[in-house]
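Remember, predicted model here, so these are calculated numbers, not experimental data.
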Amino acid sequence: MSVFDFVEMCIERGLFMVELYHLEKGVSVWSGSADEIPDEYLDMEVCSFDPPGNDSMTLNIDNFNI
């Protein structure tokens, strides 16, 4: 499932705070509102997610595009 597909399931993306964690790089590459995710990450694969904490959900993404 792509990042785009995952966040599209949210009814109010402007209130959905996410952090994107790049598994290959081992670092967070972006955080903010789901409706503002940069285009470069939207086609990346969501491999897993971490439970919401600190008002955001972490999506663990992989380097390759779907």
* **side chain to side chain donor-acceptor pair (under 3.5 Å) partners for S48, two or more places apart** => N60

Pair up each side-chain donor or acceptor in residues 8-20 with any protein partner under 3.5 Å, not counting sequence neighbours, and list the distances.
from, atom 1, to, atom 2, distance (Å)
R13, NH1, C10, O, 3.4
E19, OE2, S28, OG, 2.1

* Which value, rounded to the nearest 0.5 Å, describes the distance between M44 atom CE and I37 atom CD1? -> 12.0 Å

* Who else is in L23's hydrophobic cluster (ILVMFWY, side-chain heavy atoms under 4.5 Å, direct or via others)? -> Y21

* To do: Answer whether the closest heavy-atom distance between the side chains of V46 and D62 falls below 4.5 Å.
  => no

* To do: Enumerate the residue pairs fulfilling salt bridge (Lys or Arg N to Asp or Glu O under 4.0 Å) with a member in residues 20-35, sequence neighbours excluded, ordered by first and then second residue.
  => none

* Check: D43 and V3 side chains under 4.5 Å, non-hydrogen atoms -> no

* To do: Hey, could you give me each pair passing ring-ring contact (aromatic ring centres under 6.0 Å, His included) that has a residue in residues 23-43? Not counting sequence neighbours.
  => none

* Asked: Which value, rounded to the nearest 0.5 Å, describes the distance between L42 atom CG and S2 atom OG?
  -> 7.5 Å

* Sequence-distant partners of F49, ring-ring contact (aromatic ring centres under 6.0 Å, His included), two or more places apart -> F6

